[in-house]
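Working notes for the structure below.
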Amino acid sequence: MRYWLMKSEPEEFSIDALAKKKKEPWNGVRNYQARNFMRDDMKVGDGVLFYHSNCEVPGVVGLAEIVSDAYPDPTQFDPKSDYYDAGSKREEPRWLLVEVGYKRTLKRTITLAELKEKPELEDFALVRKGNRLSVMPVSKNEWDLIISLE
DNA sequence: GCCAACGTTGGC
DNA sequence: GCCAACGTTGGC
């Protein structure tokens with residue numbers, strides 16, 4: 001079993017929204033590295049740290065899990081969608097998604113500022129300068145440490 | 001295939 | 001709202 005961190009802007013889709021909907025197709029990922037993680041490495045049952053980005057207090061706010069294998073992201077074919085990609089063909093979809101299932105909301109936000117202070121997390125992709133991945137791997141050690149901060 | 005211009009992400 | 005970082009695009 002692997003672990004992941006997935007970013008979402010709370011104004012777009014928050015942990016509360018996921019709690020309400022129970023699960024959500026993670027559409028709109030348009031970054032090849034993130035897509036490759038979803039396509040090649042994510043398995044049903046993998047753990048997910050749900051992260052709020054681009055907001056007042058960025059940080060890990062909940063736990064989720066992968067509940068589907070990767071499949072083509074339908075928004076890439078929808079001209080009305082923000083995520084439309086005219087260059088992607090149905091016979092050969094460029095973008096994939098996985099479905100993310102709600103597990104629980106943390107009692108408090110484990111903030112980015114806190115994570116940055118932990119020497120053990122020095123190499124964690126999230127806190128490395130300039131990182132813009134919206135989906136990234138988390139090691140077992142990193143997962144355990146982050147969870148323990150709750 | 002290089003690289004400048006441009007767009008996006010996301011913390012602050 | 002600013003801006004650093006970085007991915008993508010497109011002219012050459």
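Residue numbers start from 1 in every chain, and the chains themselves are labelled A, B, ... in the order their sequence lines are given, proteins ahead of strands.
Scored by the ring-ring contact (aromatic ring centres under 6.0 Å, His included) test, Y32(A) finds W95(A) as partners (sequence neighbours excluded). Here A34(A) pairs with V29(A), N31(A), L133(A), S134(A), V135(A) under the side chain to side chain contact (heavy atoms under 4.5 Å, CB included) rule; sequence neighbours left out.
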List the steps and the verdict of side chain to side chain contact (heavy atoms under 4.5 Å, CB included) for S8(A) and F50(A).
-> CA-CA 7 Å; S8(A) 185; F50(A) 195 104; 3.9 Å; yes
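With a 4.5 Å cut-off between side-chain heavy atoms of Ile, Leu, Val, Met, Phe, Trp and Tyr, the cluster of L97(A) takes in Y71(A).
Axis angle, first five pairs versus last five pairs of the helix from dG1(B)-dC12(C) to dC12(B)-dG1(C): 10°, rounded to 10°.
Defined by atom type and a distance below 3.5 Å, a donor-acceptor pair is present between the side-chain atoms of T75(A) and D73(A). Side-chain contact annotation: Q76(A) with S88(A), donor-acceptor N/O pair under 3.5 Å present.
Between the CG atom of N141(A) and the CZ atom of F124(A) there is a distance of 12.0 Å, given to the nearest 0.5 Å.
No side-chain heavy atom of V48(A) sits under 4.5 Å from any side-chain heavy atom of L5(A).
Under the 4.0 Å criterion applied to side-chain N and carboxylate O atoms, K116(A) and E122(A) are not assigned as salt-bridge partners.
M42(A) pairs with exactly one of I66(A), N36(A), L96(A) by the side-chain contact (heavy atoms from CB on, under 4.5 Å) rule, that one being I66(A).
Of the two residues contacting DNA chain C, namely N54(A) and N131(A), the nearest-nucleotide position lying further toward the 5' end is that of N54(A).
Chain A approaches DNA chain B over the interval dG7(B) to dC12(B), counting the first and last nucleotide 5' to 3' with an atom under 4.0 Å from its heavy atoms.
Listed by residue number, there are no residues of residues 25-35 of chain A with a heavy-atom contact under 4.0 Å to DNA chain B.
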